[in-house]
Student: 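Quick one: structure below, then a few questions.
All values derive from a computational prediction rather than experimental measurement.
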Amino acid sequence: MSTALVSFAAAFIGSLVESVEALTIVLAVGLTRGWRAPLYGTVAALAALVAAVVGFGTLMSDRVPEKTLKVVVGTLLLLFGLRWLRKAILRAAGVIAMHDEAEEFTETVGRLGAGRSRPRTDWTAFGTAFQGVFLEGVEVAFIVVAVGSSERNLPAAAVGGVVAMAAVAAAGLVVRRPLARIPENTLKYIVGLLLTSLGTFWAAEGAGASWPGDVASLLVLIAFWIAASRLAIVLARSRRSPLRPSGRAA
C-alpha cells in the first residue's frame with residue numbers, strides 16, 4: 001500500500017461527502033433562481049479554495065520539519081476524524097437523526113423563494129452558492145492539505161479531491177436533483193474511520209514511534225477504530241433517549 005494511494009483515497013472519500021452537501025445547495029439555488037449567478041458563485045468559491053490549498057500546502061511542505069508536520073497534522077486529523085466518527089456513531093445509535101439531503105434541498109428552495117422577482121444581478125443566489133460551496137469546501141481543503149503534506153503527496157491528495165468533486169458534479173448535472181440515495185452517513189462513518197486512523201498513525205510516527213509494516217499498520221488501526229466505534233454504538237443505544245421531532249434527543 002503506497003503513501004500516494006493512501007493520500008488519494010483519503011482525499012477522495014472525504015471530498016466526496018462534502019461535495020454532495022455542496023451540490024445540494026447549488027442545485028437548490030440553480031433550480032429556484034436560475035443557473036448563471038450560482039455557477040459564478042461556485043467558480044469563485046472553488047478558485048478561493050484552490051488558492052488556499054496551493055498556498056498552505058506549499059508552505060507546510062517546504063518550511064515545516066517532517067516530524068513536526070506529522071505530529072501537528074496527525075493530531076488535527078485525529079480530532080477532525082473523531083468529530084465525524086462521533087456524529088456517525090450517534091446517528092447509527094438513533095440518538096440524532098440521519099442527515100437528509102432531500103430535506104435540506106427543500107428547505108433551501110423554500111428559503112430562497114421560487115417564483116419571486118429577482119434583480120438582473122442576483123447577488124442572493126451568488127452569495128448562497130458561494131457560501132455553501134466555500135464552507136463545505138473548507139473541510140475538503142483541510143483534508144487535502146493535511147493528508148497530502150504529511151507524506152509529501154499533495155499532488156495525489158489534490159487529484160483525489162478534484163476527482164471526487166468532478167464525479168459528484170457530473171452526477172448532479174445528469175439527475176438534476178439531490179443525491180439522496182448516496183449513503184452519505186455511511187460515507188461519513190468511513191471517512192471518520194480513515195481520518196482517525198491516519199491521524200493516529202502520523203501523530204505517533206511524528207512523535208518517534210515505528211509502526212511494524214509501515215503503512216500496512218493502517219489496516220490494524222482501522223480495525224481497532226471499527227471495533228471501538230461499534231462498541232460505542234452499542235453503549236449509546238442502551239442509553240439513548242427518544243428522539244424529538246427535530247431529530248434531537250429528548
Side-chain angles (χ1 to χ4, degrees), residues 1-31 35-36 38-54 57 77 80-81 84-85 87-88 91 98-105 108-109 128-151 153-195 197-198 218 222:
M1 189 193 312
S2 67
T3 55
L5 181 59
V6 171
S7 297
F8 176 88
F12 177 82
I13 299 174
S15 302
L16 192 69
V17 175
E18 297 302 328
S19 297
V20 170
E21 297 186 3
L23 174 67
T24 300
I25 297 171
V26 174
L27 281 176
V29 179
L31 293 173
W35 290 101
R36 185 174 180 179
L39 287 178
Y40 284 160
T42 299
V43 171
L46 291 175
L49 291 169
V50 168
V53 169
V54 172
L77 278 179
F80 198 68
W84 278 29
L85 202 55
K87 288 184 178 179
R91 287 191 179 107
M98 291 286 185
H99 185 259
D100 190 338
E101 288 296 332
E103 182 179 350
E104 181 178 339
F105 177 85
T108 303
V109 168
T128 302
F130 179 89
Q131 181 185 35
V133 173
F134 186 80
L135 291 180
E136 299 297 343
V138 164
E139 297 196 14
V140 172
F142 170 78
I143 293 171
V144 169
V145 171
V147 302
S149 59
S150 298
E151 292 291 342
N153 282 317
L154 187 59
V159 170
V162 170
V163 170
M165 289 188 289
V168 171
L173 288 174
V174 171
V175 300
R176 291 288 184 94
R177 67 182 66 181
L179 302 180
R181 293 187 179 182
I182 291 181
E184 184 183 344
N185 293 294
T186 301
L187 286 176
K188 286 184 175 180
Y189 176 64
I190 294 172
V191 172
L193 288 172
L194 188 55
L195 295 185
S197 301
L198 283 171
L218 279 171
I222 291 173

Student: Any non-hydrogen side-chain atom of I25 less than 4.5 Å from a side-chain atom of V133?
Tutor: no
Student: To the nearest 0.5 angstrom, please state how far the CG atom of L198 sits from the CG atom of L193.
Tutor: 11.0 Å
Student: Going by ring-ring contact (aromatic ring centres under 6.0 Å, His included), name the residues that satisfy it together with F134, two or more places apart in sequence or in a different chain.
Tutor: F130
Student: Over all heavy atoms of both residues, which pair between A11 and V144 is shortest? Give the atoms and the distance, please.
Tutor: CB-CG2, 4.2 Å
Student: For the CZ atom of F12 and the CG atom of L194, what is their distance to the nearest 0.5 Å?
Tutor: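 Taking CZ in F12 and CG in L194, the distance rounds to 12.5 Å.
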Student: Where do L85 and G192 come nearest, in terms of heavy atoms and distance?
Tutor: CD1-C, 4.1 Å
Student: Going by side chain to side chain contact (heavy atoms under 4.5 Å, CB included), name the residues that satisfy it together with V162, two or more places apart in sequence or in a different chain.
Tutor: none
Student: Taking only residues two or more places apart in sequence, or in another chain, which ones meet A141 in a side chain to side chain contact (heavy atoms under 4.5 Å, CB included)?
Tutor: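 A141: side chain to side chain contact (heavy atoms under 4.5 Å, CB included) contacts with L49, V53.
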